[in-house]
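We count ligands from 1, going down the list as the structure has it; atoms in each ligand are counted the same way.
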Amino acid sequence: MAYNHKKHIDLGLECGFCHTGIAEGKPRAGLPPLEICASCHSGEDENPRTQVVREYVSKGEPIPWRRIYTVPKHVYFSHLRHAGLAKLDCALCHGDMPRTEKPVTKPAVAISMDRCIDCHKQRGVTQDCLACHR
Ligand code: HEC
Ligand code: HEC
Ligand code: HEC
Ligand code: HEC
Ligand code: HEC
């Protein structure tokens, strides 16, 4: 599906409205469940650009989103720590999503151990192996 972040963020929706783990203070941000899309895309609308999402909604079939950002199983990462407590801007790790019009196909900022540790050094956060490898 040609999902368009810019169009939806321009409506005034917060990231945590769809990535509900952010609003709920969980480690995972999460990808949006169908009910969130259904709250706006289940009406009688004739818009050809939203036809694909209305079809999923009317069949009640979850949209198979592809996850792009992941860390390996041996690494612990928490959005609550980084976006919640430390109040880091999403853009530091995910690029300029409010202006992104195409689906995310590759990470805007690559995830690597060096990058995690560089920022931890700069901000005086732990570099203990066992903080990240639990
Ligand atoms: C708060 C209401 C709202 C929610 C929630 C919402 N949308 Fe939309 N969506 C809109 C509006 C308004 C448009 C603009 C329609 C247009 O420009 O023709 C739109 C446009 C779209 C389009 C067409 C994009 C384009 O470039 O023209 C797609 C596809 C879409 N939405 C999918 C989704 C999906 C998938 C979800 C759930 C993750 C979702 N929407 C959640 C209101 C919403
Ligand atoms: C310090 C870097 C960093 C910041 C800041 C950050 N993220 Fe992430 N994000 C990540 C990493 C790393 C992953 C992969 C996590 C995993 O595999 O568990 C990820 C994964 C995601 C995913 C994929 C789904 C998921 O649950 O893993 C979404 C969506 C996401 N982030 C949204 C956000 C939003 C929205 C914000 C701001 C409120 C944000 N992120 C802030 C690093 C960050
Ligand atoms: C209306 C719902 C909606 C809003 C609001 C929204 N997103 Fe998303 N986001 C999605 C959907 C749907 C996907 C999966 C499709 C895609 O990757 O384009 C996604 C994917 C992502 C991903 C890629 C995750 C992965 O690993 O595949 C990131 C990062 C992300 N969003 C960040 C943000 C940030 C940052 C904000 C706020 C500035 C935001 N999103 C606001 C619906 C939303
Ligand atoms: C842009 C800066 C930045 C990046 C990039 C970053 N972090 Fe962090 N990290 C922080 C900050 C700031 C904190 C302290 C948060 C708080 O106040 O609790 C933190 C805290 C943590 C903690 C908790 C540490 C403790 O004391 O228990 C873990 C675990 C962690 N980060 C893992 C990661 C991993 C894994 C990555 C890479 C995938 C990463 N971080 C990338 C800034 C960053
Ligand atoms: C701030 C978080 C963080 C800290 C601290 C950290 N790592 Fe990592 N480490 C990561 C991430 C994220 C990856 C996965 C990178 C990737 O997928 O490219 C990783 C990957 C690895 C790997 C696998 C390398 C590979 O090629 O797959 C090893 C081994 C490793 N770390 C060992 C260590 C050791 C030893 C320490 C302590 C000296 C340490 N790490 C400290 C975040 C961290």
Worksheet item: Taking the side chain as C-beta and beyond, is there a heavy-atom pair between His8 and Phe17 under 4.5 Å?
Response: no

Worksheet item: Polar-atom distance check: Val71 versus ligand 2, any N or O pair below 3.5 Å?
Response: yes

Worksheet item: Hey, is CD on Glu61 packed in by over 12 heavy atoms from elsewhere, all under 6.0 Å?
Response: yes

Fill in: Rounded distance (nearest 0.5 Å) linking atom CG of Leu34 with atom CD1 of Ile63
5.5 Å

Discussion item. Could you tell me, atom by atom, which parts of ligand 2 come under 4.0 Å of a heavy atom of Asp89?
Written reply: 5 (C)

Fill in: Contact check, side chains of Pro107 and Val109, non-hydrogen atoms, under 4.5 Å
no

Worksheet item: What's the verdict on side chain to side chain contact (heavy atoms under 4.5 Å, CB included) for Ser42 and Ser58, showing C-alpha distance, side-chain angles and the deciding distance?
Response: CA-CA 7 Å; Ser42 57; Ser58 72; over 6 Å; no

Worksheet item: Does the side chain of Gln127 come within less than 4.5 Å of Lys121's, by heavy atoms?
Response: yes

Practice prompt. Specify whether His94 and Tyr69 have parallel, tilted or perpendicular ring planes, treating 30° as the upper limit for parallel and 60° as the lower limit for perpendicular.
Written response: perpendicular

Worksheet item: For ligand 2, is there an atom lying under 4.0 Å from some heavy atom of Gly21?
Response: no

Which N/O atoms of ligand 1 sit under 3.5 Å from a protein N/O, and at what distances?
unit_1, atom_1, unit_2, atom_2, d
ligand 1, 7 (N), His8, NE2, 2.9
ligand 1, 7 (N), His41, NE2, 2.7
ligand 1, 9 (N), His8, NE2, 2.9
ligand 1, 9 (N), His41, NE2, 2.9
ligand 1, 17 (O), Lys7, NZ, 3.3
ligand 1, 17 (O), Arg49, NH2, 3.1
ligand 1, 18 (O), Asn47, ND2, 2.4
ligand 1, 18 (O), Arg49, NH2, 2.4
ligand 1, 26 (O), Asn4, ND2, 3.3
ligand 1, 27 (O), Lys7, NZ, 2.8
ligand 1, 27 (O), Arg49, NE, 2.8
ligand 1, 31 (N), His8, NE2, 2.9
ligand 1, 31 (N), His41, NE2, 2.9
ligand 1, 40 (N), His8, NE2, 2.8
ligand 1, 40 (N), His41, NE2, 2.8

Worksheet item: So do Leu88 and Cys93 actually touch side chain to side chain, heavy atoms under 4.5 Å?
Response: no

Worksheet item: Is the shortest heavy-atom distance from the side chain of Lys7 to the side chain of Arg49 under 4.5 Å?
Response: yes

Discussion item. Within the structure, is a non-hydrogen atom of Ile68 found at a distance of less than 4.0 Å from ligand 2?
Written reply: no

Discussion item. Give the atom numbers and elements of ligand 5 that come within less than 4.0 Å of a heavy atom of Pro72.
Written reply: 14 (C), 17 (O)

Worksheet entry | Which segment of His120 sits under 4.0 Å of ligand 5 when only heavy atoms are counted | side chain

Response to the item:
So for Ala131 against ligand 5, with non-hydrogen atoms under 4.0 Å, the contacting part is neither

Discussion item. Which of the numbered atoms in ligand 2 are under 4.0 angstrom from any heavy atom belonging to Cys15?
Written reply: 35 (C)

Item to complete: May I ask you to test the Trp65-Pro32 pair for a side-chain heavy-atom distance under 4.5 Å?
Response: yes

Response to the item:
Per-atom filter on ligand 2: closer than 4.0 angstrom to a heavy atom of Thr70 are 14 (C), 17 (O)

Worksheet, complete the sentence: So the atoms of ligand 5 within less than 4.0 Å of a heavy atom of Gln127 turn out to be 5 (C)

Worksheet item: Which atoms of ligand 2 have any heavy atom of Gly30 under 4.0 Å away?
Response: 24 (C), 25 (C), 26 (O), 29 (C)

Discussion item. Using heavy atoms and a 4.0 Å limit, tell me yes or no: is Leu92 in contact with ligand 2?
Written reply: no

Worksheet item: When you check the space around atom 8 (Fe) of ligand 5, which protein N, O or S atoms turn up under 2.8 Å?
Response: Met113 SD, His133 NE2

Worksheet item: Is atom CZ of Arg115 surrounded by more than 12 heavy atoms (other residues, nucleotides or ligands) closer than 6.0 Å?
Response: yes

Worksheet item: Short question: side chain of Arg54, backbone of Asn47 - any donor-acceptor pair under 3.5 Å?
Response: yes

Worksheet item: Given side chains that start at C-beta, do those of Phe77 and His82 come closer than 4.5 Å, heavy atoms only?
Response: yes

Worksheet entry | Lys106, NZ: over 12 other non-hydrogen atoms inside 6.0 angstrom | no

Item to complete: Please indicate whether any nitrogen or oxygen in Ile22 is less than 3.5 Å from any nitrogen or oxygen in ligand 2.
Response: no

Worksheet item: Counting from 1, what ligand 2 atoms have a heavy atom of His82 closer than 4.0 Å?
Response: 1 (C)

Discussion item. Below a 4.0 angstrom heavy-atom separation, can you tell me which part of Met97, side chain or backbone, both or neither, approaches ligand 2?
Written reply: neither

Discussion item. In this structure, would Val71 and Val104 fall into the same cluster of hydrophobic residues linked by side-chain contacts under 4.5 Å?
Written reply: yes

Fill in: Thr100 side chain near Asn4 side chain, heavy-atom distance below 4.5 Å
no

Worksheet entry | His94 near atom 8 (Fe) of ligand 2 via N/O/S, less than 2.8 Å | yes

Discussion item. Under a 4.0 angstrom heavy-atom cut-off, which atoms of ligand 2 come close to Cys93?
Written reply: 1 (C), 2 (C), 3 (C), 4 (C), 5 (C), 42 (C), 43 (C)

Item to complete: Ignoring hydrogens and angles, tell me if any N or O in the side chain of Arg134 forms a donor-acceptor pair with the backbone of Val75 under 3.5 Å.
Response: no

